[in-house]
Amino acid sequence: MKTRDDRTPVTLSRRAFLDIARTFGLAVMASTTPCTKVWAQPLFRAYPFTLGVASGDPLPDGIVLWTRLAPEPLAGGGMPMVAVEVDWEIASDARMRRIVRRGSELARPELGHSVHAEVDGLEPGREYWYRFRVGRERSPVGRTRTAPAPGAPLARLRFGTCGCSNYESGHFTAFRHLAQERFDFVFHSGDYIYEYRADGGERDKVRQHAGDELYTVVDYRNRYAQYKSDPDLKAAHASAPFIVTWDDHEISNNWAADADERGTPPEVFLLRRAAAFQAYYEAMPLRRGAFPGATQLRLHRGFRFGDLMSFDALDTRQYRSTQACGAGGRSGCGAFADRTRTMLGPEQERWLDARMTSSRSHWNVLAQQVPIFGGGADGLPTNNPHVLDQWPGYPAARRRLLDSIAERRLDNVVFLSGDVHLHWGASVPLDLREPDRRQVAVEFTNSSITSGGDGADAAPWWHAIRADNPHVGYHSARRGYLACEVTPETWQTDFMIVDRVASPGGTISRGGRLVVERGSPVAHAS
Ligand code: FE
Ligand code: CA
């Protein structure tokens, strides 16, 4: 079964087909008809499913299944420049005996032979297992889970959040432990890859990037492939559906709309951005609705989990105004207070307002990249350069969003974020100068999977500023992920930390737990 978008058969002359087949050592099925199915039975010189499998964007009746054919993952993929038909099947049991749906998708050379199969007709709120087949090759089996029926009473949901997985900074041990949780779904807050060249970026590196800084689609493609060759990351994807968003390093450090931090002319930066957008789509379990045209990739999208949780994934990078005050990081410059500056852009702001207006859910989650409660990587004061890249660096946009929440009397709003390589649990105050007054939401910021290396129990400056920040309930500078368990009455976040990432085999433990009671924007220790 082909999808709506894949009706066009591949037309390739039999002669060209045989030429390519000879070149790549592929077995050709004898056929007298033109090749409408290119390589229905291809034979690969190397295993094509080196990047594993993934699923994502769970709906009540469906899921996206992802893989990418890459027998030579670090060298552009190693596939010939023709389309290949890939079969998929999804079962209600882990042994793949009770198949409930099957179909096939074209893996196109233009899209790096990635496969995005949008499966529908599934049942809400249940586990499934899936795999792919091409020629005689079978992929590993992945586990996934559909969203519960919309609006229906839901007693409990359990999901993970993670981000900032710099390959060079350490082993993906936290991904391995996250995989063992078998979450209902996993949110990735961005910095899935880092764009730096092999000898750039990290100082105390544990592993090394392949290649130079990323500019072309093949550069980005190879970098995703290097990360996805890691068995711990593969295990994480195979364990649960992911809802992904990006931050800056999927494209370029601290990019904002059509600008990078080096002042590259926009028309030049946009070429790099388009390459990065395409490779991101190729590498992620995203729906066709996100498909990258030459100028954009639509990443903001909403999910509903029964009557329990609205979950809106946001994009604070693609439509934002440039950071204020340049690299100097002075919060006093004129642009800082400019009321027209935006994080989401007008269209996404309107979309989010409509989502919040129509929500009847117990909990409303805004899942995005950068902290809004005031925290930063270099201490909490809002005039440090790092924070200028986050919500506090966009005071008018921050206020517009928080006012919008307050005006709708939306209780139980939870922000999720990453970016700063620290675990934080905090209340979100309307006014950053009065952190213990007029709190409108809570925020949970996941630390990194690896970025920053082994880390410590607390950042060096934390104790000096702690007393001035009564709205912070938890802080850690260890690596790890968050485990969130949500019921109609309470939200519980476990801050999971690994003791080390510089060497393999780190152990996982719960660094802390915060609980939010329904109706109260405060996260307290339990
Ligand atoms: Fe990061
Ligand atoms: Ca970041």
Side-chain angles (χ1 to χ4, degrees), residues 161-172 174-175 178 187-197 200-207 209 213-214 220 223-224 226-227 230 233 244-257 259-262 273 276-277 280 284 299 313-320 322-323 327 329 343-344 367-379 384-394 415-424 443-455 459 476-482 497-498 501:
T161 88
C162 62
C164 291
S165 34
N166 190 330
Y167 185 84
E168 293 198 324
S169 309
H171 297 273
F172 286 168
F175 274 140
L178 178 146
F187 170 63
H188 196 293
S189 58
D191 289 357
Y192 188 103
I193 56 160
Y194 285 71
E195 80 281 19
Y196 301 121
R197 67 178 187 269
E202 285 291 297
R203 269 173 301 175
D204 304 317
K205 58 172 68 174
V206 173
R207 307 189 283 187
H209 282 147
E213 183 163 346
L214 313 179
Y220 283 103
R223 184 62 54 86
Y224 282 107
Q226 185 176 19
Y227 279 53
D230 183 288
L233 178 51
V244 298
T245 192
W246 54 31
D247 192 25
D248 50 339
H249 290 289
E250 285 87 350
I251 291 86
S252 168
N253 187 46
N254 284 2
W255 70 289
D260 69 6
E261 63 179 351
R262 300 170 190 161
R273 198 186 83 158
F277 281 14
Y280 184 77
M284 296 295 150
L299 215 42
L314 307 182
D315 177 356
T316 64
R317 285 282 164 199
Q318 191 173 179
Y319 315 104
R320 72 155 77 181
T322 314
Q323 293 85 347
M343 278 290 259
L344 299 175
Q368 42 94 57
Q369 300 73 28
V370 290
I372 194 166
F373 76 93
D378 314 321
N384 79 58
H386 198 96
V387 168
L388 290 177
D389 185 53
Q390 300 159 7
W391 283 98
Y394 295 75
F415 284 90
L416 299 177
S417 56
D419 181 44
V420 291
H421 311 166
L422 299 166
H423 277 330
W424 290 108
E443 178 164 23
F444 297 108
T445 304
N446 54 253
S447 181
S448 59
I449 293 290
T450 52
S451 303
D454 281 344
S476 168
R478 294 278 177 201
R479 311 286 77 91
Y481 61 89
L482 306 185
I497 56 177
V498 284
V501 295

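One-based numbering, in listed order, for ligands and for the atoms of each. Residue numbers run from 1 in the order of the sequence given.
- The aromatic rings of Y167 and Y227 lie tilted to each other, with the angle between the two planes from 30° to 60°.
- Remark: at the Ca ion (ligand 2), atom OD1 from D248 and atom OD2 from D247 enclose 80°, rounded to the nearest 10 degrees.
- Taking the centre of each ring, F277 and W246 come in below the 6.0 Å mark.
- Side-chain atoms of Q369 do not come within 3.5 Å of backbone N or O of D419 as any donor-acceptor pair.
- The Ca ion (ligand 2) lies at 3.0 Å or more from every N, O or S atom belonging to D389.
- Note on ring orientation: taking the six-membered ring where Trp is involved, the planes of Y192 and H188 are tilted (angle from 30° to 60°).
- Take the N/O/S atoms of D191: the one nearest the Fe ion (ligand 1) is OD2.
- If you look at D419 and ask which of its N, O or S atoms sits nearest the Ca ion (ligand 2), the answer is OD1.
- For residue Y194, an N/O/S atom approaches the Fe ion (ligand 1) to within less than 2.8 Å.
- Rounding to the nearest 0.5 Å gives a distance of 4.5 Å between CG of D191 and CG of D247.
- Taking 2.8 Å as the threshold, D419 does not count as a candidate ligand of the Fe ion (ligand 1), since none of its N, O or S atoms lies below it.
- Remark: Q390 CD to S417 OG distance equals 8.0 Å, nearest 0.5 Å.
- Here H249 does not reach the Fe ion (ligand 1): none of its N/O/S atoms is less than 2.8 Å from the metal.
- At distances below 3.5 Å, not a single donor-acceptor pair connects side-chain atoms of H421 with backbone N or O atoms of S448.
- The atom of H421 that is an N, O or S and sits closest to the Fe ion (ligand 1) is NE2.
- D191 contributes atom OD2 as its closest N/O/S atom to the Ca ion (ligand 2).
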